[in-house]
Engineer: 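I have a structure here, written as structure tokens, and I will follow up with some questions on it.
Atoms considered below: every heavy atom in the structure, side chains included; atoms not considered: hydrogens, waters and symmetry mates. Lettering of chains follows the sequences in order, A, B, ..., and the numbering in each one begins at 1.
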Protein chains: 2
Amino acid sequence: MPSITVENYLKRIFLEQQESGGEIVSMGRVAQAMGVVPGTATTMVKSIAESGWAHYEARKGVRLTEKGNRMALAILRRHRVIEVFLVKILGFDWTEIHEDAERLEHAVSDRVLKRIDDLCDNPNVDPHGDPIPSATGEFRSRPQMTLFECPIDQPIRIARVLKQEPDFLQYAEEKGLVPGAWIRVIERNPIADAVTLHLQNRGQITLGGKVAADITVE
Amino acid sequence: MPSITVENYLKRIFLEQQESGGEIVSMGRVAQAMGVVPGTATTMVKSIAESGWAHYEARKGVRLTEKGNRMALAILRRHRVIEVFLVKILGFDWTEIHEDAERLEHAVSDRVLKRIDDLCDNPNVDPHGDPIPSATGEFRSRPQMTLFECPIDQPIRIARVLKQEPDFLQYAEEKGLVPGAWIRVIERNPIADAVTLHLQNRGQITLGGKVAADITVE
DNA sequence: TGTCTGATTTTGGTCAATCAAAACCCCCGC
DNA sequence: GCGGGGGTTTTGATTGACCAAAATCAGACA
Ligand SMILES: [Mn+2]
Ligand SMILES: [Mn+2]
Ligand SMILES: [Mn+2]
Ligand SMILES: [Mn+2]
């Protein structure tokens, strides 16, 4: 029912909402995230609200309705299941699948998604470690520690890589900094804004805080 | 580069052109095939011509350029490879895949198509027996006989089922009238416009000429 | 050759999605 | 309490895709 554009807005708004802990999302932020001019975001959000996907308050921001939430989760699910498919079945690298998933998520019907999901053994995280909403719309993003908060000098496993920039993912792949990998935090220096890791037989590296906060472990 | 809409027009024009033996295609026909009003077809075809995909002659019709042809073949290839994928890998029935392929054909990138194609063992016909253009754009639709022209009382194999209507495909499936199946033409009566077939241990049926002409054999 | 008629094109309008730039308004600091 | 300023909304336009209906034209037929 929603157009491809609206689907993208819904997913985006949902994600931004998540990221800010359920806060109402400003038009500036929507515009930024969608790569459009603020006026466009305003107009689109208003029409999305019109259709009952969201509540919009002028000069405050937007928040998805129950219905909007369900829709957003369905789209997110499609995106992430497809990412698993691209890696697990088609053999792509986890660093270069985002774009394709971004287009396919709007073309895959429920029945096709079901089969793909089965073919992938009903995964519950995608190749970046991001949780996959269930077919019924359940979605628990159980809170994890980032490399900035986790215990030191203990073997821990990478859970998610939040940052999506291809360059960074490439780098992470190279260093074996991938979801599921075991590492150890050697040292953490808040003043220097740096975290030093010991990678599984790949020496050690030091990351800045910005990046360290975008990698979660468990 | 072309929008989804334009992709659909290109594929459609190509197919109509094929079907009429390379003739120029009238606006009425394009409109009909695309399910739009004639004025819309005129406008769209003009803009498609503008972009160099086709030649348009007012009150004559449209014919694809070399470039348009290549594009159309690429889309047709995507469509048909995806159909194979839906049947062979995802396990769908050949009678109910068209709609999904229709949407996916616009969302699958070259690299994804390549992998899917490999996964399916580089087929050269789709589940309806329709030939798949090669990745380089070769497309030989070697002429076949229809049930109306083929030799009588000889074992022959179904090659293609041209008719795409779900109801008919369902019926064909039921009767084992599927690409690859062996049958025998028992009787042909041009006056009664009827062809009687012997199906592999499924008795015999009689088809009208309209339908018989839409099934080819080899 | 002139006339009709059905196919085609044009015209005028809508809707979705977008931008540029002007208008607006809310809150923050003096 | 009063401005400013920055984020937000409006306004005016554009582009793509479409429809309804009026205008046009080309070929068939008399
Ligand atoms: Mn998308
Ligand atoms: Mn992901
Ligand atoms: Mn299509
Ligand atoms: Mn087919």
Engineer: Please find the earliest and latest nucleotides of DNA chain C, in the 5' to 3' direction, that have an atom within less than 4.0 Å of any heavy atom of chain A.
Structural biologist: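 First and last nucleotides in contact are C/dA17 to C/dC26.
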Engineer: To the nearest Å, how far apart are B/Glu57 CD and D/dC25 P?
Structural biologist: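 My rounded result for the distance is 17 Å.
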Engineer: In this structure, which one of A/Glu102, A/Glu105, A/Glu7 forms a salt bridge (charged side-chain N to carboxylate O under 4.0 Å, His left out) with A/Arg78?
Structural biologist: A/Glu7
Engineer: List every contact pair, protein side and nucleotides 4-7 of chain D side both N or O, where the distance is under 3.5 Å.
Structural biologist:
| residue | atom | partner | partner atom | Å |
| --- | --- | --- | --- | --- |
| D/dG7 | N2 | A/Arg59 | NH2 | 3.1 |

Engineer: Anything under 3.5 Å between a protein N or O and an N or O of nucleotides 13-17 of chain D, put it in a table, one pair a line.
Structural biologist:
| residue | atom | partner | partner atom | Å |
| --- | --- | --- | --- | --- |
| D/dA17 | OP1 | B/Ser3 | OG | 2.4 |

Engineer: Please, which pairs that meet ring-ring contact (aromatic ring centres under 6.0 Å, His included) have at least one residue in residues 56-91 of chain A, sequence neighbours excluded?
Structural biologist: A/His79-A/His98, A/Phe85-B/Phe85
Engineer: Would you please name every residue forming a side-chain contact (heavy atoms from CB on, under 4.5 Å) with B/Arg80, sequence neighbours left out?
Structural biologist: B/Leu15, B/Leu76, B/Asp126, B/Asp130, B/Pro131, B/Ile132, B/Phe139
Engineer: Who passes side-chain contact (heavy atoms from CB on, under 4.5 Å) against B/Ala213, sequence neighbours left out?
Structural biologist: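 Applying side-chain contact (heavy atoms from CB on, under 4.5 Å) to B/Ala213 gives none.
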Engineer: Can you list everything that forms a side-chain contact (heavy atoms from CB on, under 4.5 Å) with A/Arg111? Sequence neighbours excluded, please.
Structural biologist: A/Ser109, B/Phe92, B/Glu96, B/Asp100
Engineer: Could you go through residues 32-49 of chain A and list every donor-acceptor pair under 3.5 Å that involves a side-chain atom there, pairing it with any protein atom two or more places apart or in another chain?
Structural biologist:
| residue | atom | partner | partner atom | Å |
| --- | --- | --- | --- | --- |
| A/Thr42 | OG1 | A/Pro38 | O | 3.2 |
| A/Thr43 | OG1 | A/Gly39 | O | 2.7 |
| A/Ser47 | OG | A/Met44 | O | 3.3 |

Engineer: Could you work out, with side-chain contact (heavy atoms from CB on, under 4.5 Å) as the rule, every residue matching A/Asn124, not counting sequence neighbours?
Structural biologist: A/Arg140
Engineer: Write out all pairs satisfying salt bridge (charged side-chain N to carboxylate O under 4.0 Å, His left out) with one or both partners inside residues 60-71 of chain B, taking only residues at least two apart or from two chains.
Structural biologist: B/Glu57-B/Lys60
Engineer: Can you tell me which residue pairs pass the side-chain hydrogen bond (donor to acceptor under 3.5 Å, both in side chains) test with a partner in residues 20-31 of chain A, sequence neighbours excluded?
Structural biologist: A/Glu16-A/Arg29
Engineer: Run the salt bridge (Lys or Arg N to Asp or Glu O under 4.0 Å) test against B/Asp118 and tell me which residues pass, sequence neighbours left out.
Structural biologist: B/Lys114
